[in-house]
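Structure record follows, encoded as structure tokens.
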Amino acid sequence: MLSFLPGTVRGVLAVILSLANTLLWIIPLLPAALVKFLVRLESVRKICDRVLNFICTTWANWNMALLDLLLQIEWRIEKPDDLTMDKWYLVISNHQSWADILVLQYALNGVIPYFRFFLKKELRWFPILNIAWWALDYPYMTRYSRQYLEAHPEKKGKDLETTRESCKRFRNTPVSVMNFVEGTRFRPAKKKAQNSPFQHLLLP
């Protein structure tokens, strides 16, 4: 609709409107997160999870509307007919750009349960959104280098342990676990450095 505007103007509008959308939906999210933090009853936490999922799905719907408002994108999306909001899913995606999450939201939001991402532990300190990530039980992962693991072999398998503990919290409410198994965005130089046998993928 506004795709006729100069790219710079649309970029500024995208930042402002996306930030406004996020701040708007953080307001109802905070009370649900507080109740979930204070009340340890499984039945209450299950209700909080459903409320949080609804809030996040609605937030993502507004993100989708912003894409349609500001960009003229021709979407070509093929997906199975039997996807449902009542089941659990593992979503694997090639990591191409910073826009990947928005693209996945556009394709799957409201079709399957709201995503849970594996986050770098450094994002634990990201303001405002860290509350939402905690409330939604996003797993925080630590990336150890090969050199570090050689020096500290006791850390091997720690991320797998964290993953198992996190997934236990997903038992009661359907979720979609989203993972970029490449661990980083695809670049031809990275593919060459890894000697990856895949045409459009880095090594998992």
Side-chain angles (χ1 to χ4, degrees), residues 13-69 83-93 95 98-144 158-180 183:
L13 281 174
V15 171
I16 293 173
L17 294 175
S18 297
L19 182 59
N21 181 41
T22 300
L23 293 176
L24 172 68
W25 289 104
I26 280 288
I27 294 171
L29 184 143
L30 289 175
L34 182 62
V35 172
K36 184 174 179 178
F37 176 73
L38 294 175
V39 181
R40 296 299 174 178
L41 288 174
E42 199 63 47
S43 58
V44 174
R45 293 172 69 87
K46 188 174 181 178
I47 293 171
C48 288
D49 283 336
R50 291 192 177 276
V51 171
L52 291 164
N53 282 335
F54 172 79
I55 291 170
C56 290
T57 299
T58 308
W59 167 78
N61 282 335
W62 280 99
N63 283 338
M64 293 157 61
L66 289 176
L67 286 178
D68 288 336
L69 176 68
L83 298 178
T84 173
M85 295 287 286
D86 299 321
K87 292 182 179 179
W88 286 256
Y89 294 93
L90 174 63
V91 181
I92 303 293
S93 175
H95 202 356
W98 286 106
D100 292 341
I101 293 174
L102 287 174
V103 171
L104 288 165
Q105 280 184 351
Y106 199 101
L108 296 171
N109 188 58
V111 178
I112 60 177
Y114 190 76
F115 293 138
R116 299 301 192 275
F117 295 96
F118 289 80
L119 302 174
K120 300 175 187 177
K121 70 179 179 68
E122 290 81 5
L123 292 174
R124 191 188 301 269
W125 310 109
F126 197 92
I128 301 178
L129 289 180
N130 59 355
I131 299 172
W133 294 331
W134 172 86
L136 291 163
D137 296 314
Y138 279 33
Y140 288 100
M141 312 299 284
T142 302
R143 287 185 181 175
Y144 299 113
K158 189 69 177 176
D159 274 0
L160 183 58
E161 180 184 330
T162 301
T163 301
R164 285 175 173 155
E165 288 301 314
S166 298
C167 287
K168 286 180 183 179
R169 298 197 290 271
F170 299 152
R171 288 177 298 184
N172 296 322
T173 304
V175 299
S176 302
V177 176
M178 170 68 223
N179 205 347
F180 298 109

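Nothing here was measured: the structure is a model prediction, and the numbers come from that model.
For CZ of R40, the number of neighbouring non-hydrogen atoms (other residues, nucleotides, ligands) closer than 6.0 Å is greater than 12.
Put simply, the side chain of L123 does not reach to within 4.5 Å of the side chain of Y138, judged on heavy atoms. The side-chain heavy atoms of L17 and L69, taken from C-beta on, include a pair separated by under 4.5 Å. By the 4.5 Å heavy-atom criterion applied to side chains, V51 and L29 are not counted as neighbours. Proximity of W88 to V177: side-chain heavy atoms (C-beta onward) are nowhere separated by under 4.5 Å. Proximity of V91 to F117: side-chain heavy atoms (C-beta onward) are nowhere separated by under 4.5 Å.
Among residues at least two apart or in separate chains, there is no salt bridge (charged side-chain N to carboxylate O under 4.0 Å, His left out) pair with a member in residues 15-28. Residue pairs meeting the salt bridge (charged side-chain N to carboxylate O under 4.0 Å, His left out) criterion with at least one partner in residues 116-133, sequence neighbours excluded, do not occur; the list is empty. For the ring-ring contact (aromatic ring centres under 6.0 Å, His included) condition, the pairs that include at least one residue of residues 30-51, sequence neighbours left out, are F37-W134.
In this view, D49 and K36 satisfy the salt bridge (charged side-chain N to carboxylate O under 4.0 Å, His left out) rule, not counting sequence neighbours. Looking at residues two or more places apart in sequence or on another chain, you find no ring pair (Phe, Tyr, Trp, His ring centres under 6.0 Å) involving Y140. Residues that satisfy the side-chain hydrogen bond (donor to acceptor under 3.5 Å, both in side chains) test with W59, not counting sequence neighbours, are T22. For R169, the salt bridge (charged side-chain N to carboxylate O under 4.0 Å, His left out) partners two or more places apart in sequence, or in a different chain, are D137. Every residue two or more places apart in sequence or in another chain was checked for a side chain to side chain contact (heavy atoms under 4.5 Å, CB included) with P31, and none qualifies. Looking at residues two or more places apart in sequence or on another chain, you find a salt bridge (charged side-chain N to carboxylate O under 4.0 Å, His left out) between E165 and K168. Residues satisfying the side-chain hydrogen bond (donor to acceptor under 3.5 Å, both in side chains) criterion with N130, sequence neighbours excluded, are absent altogether. By the salt bridge (charged side-chain N to carboxylate O under 4.0 Å, His left out) test, E161 is found to be paired with K158, residues two or more places apart in sequence or in another chain being considered.
Taken to the nearest 0.5 Å, the CH2 atom of W25 stands 8.0 Å off from the CH2 atom of W62. I55 contributes atom CD1, which lies 9.0 Å from atom CG of L30 (distance to the nearest 0.5 angstrom). Residue L23 holds its CG atom at 11.0 Å from OG of S18, rounded to the nearest 0.5 Å. Interatomic distance, CE of M178 versus CD1 of I92, reported as 7.0 Å (0.5 Å rounding). To the nearest 0.5 Å, atoms CD1 (I47) and OG1 (T173) are separated by 10.0 Å. Of the inter-residue distances, the one linking N21 atom CG with I26 atom CD1 reads 10.5 Å to the nearest 0.5 angstrom.
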Distance-only check: which donor-acceptor pairs under 3.5 Å involve side-chain atoms of residues 105-115, not counting sequence neighbours?
unit_1	atom_1	unit_2	atom_2	d
Y106	OH	D68	OD1	2.7
Y106	OH	D68	OD2	3.1
N109	ND2	T57	O	3.0
N109	ND2	N61	OD1	2.8

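Residues L52 and A32 come closest through the heavy atom pair CD2-CB, 3.8 Å.
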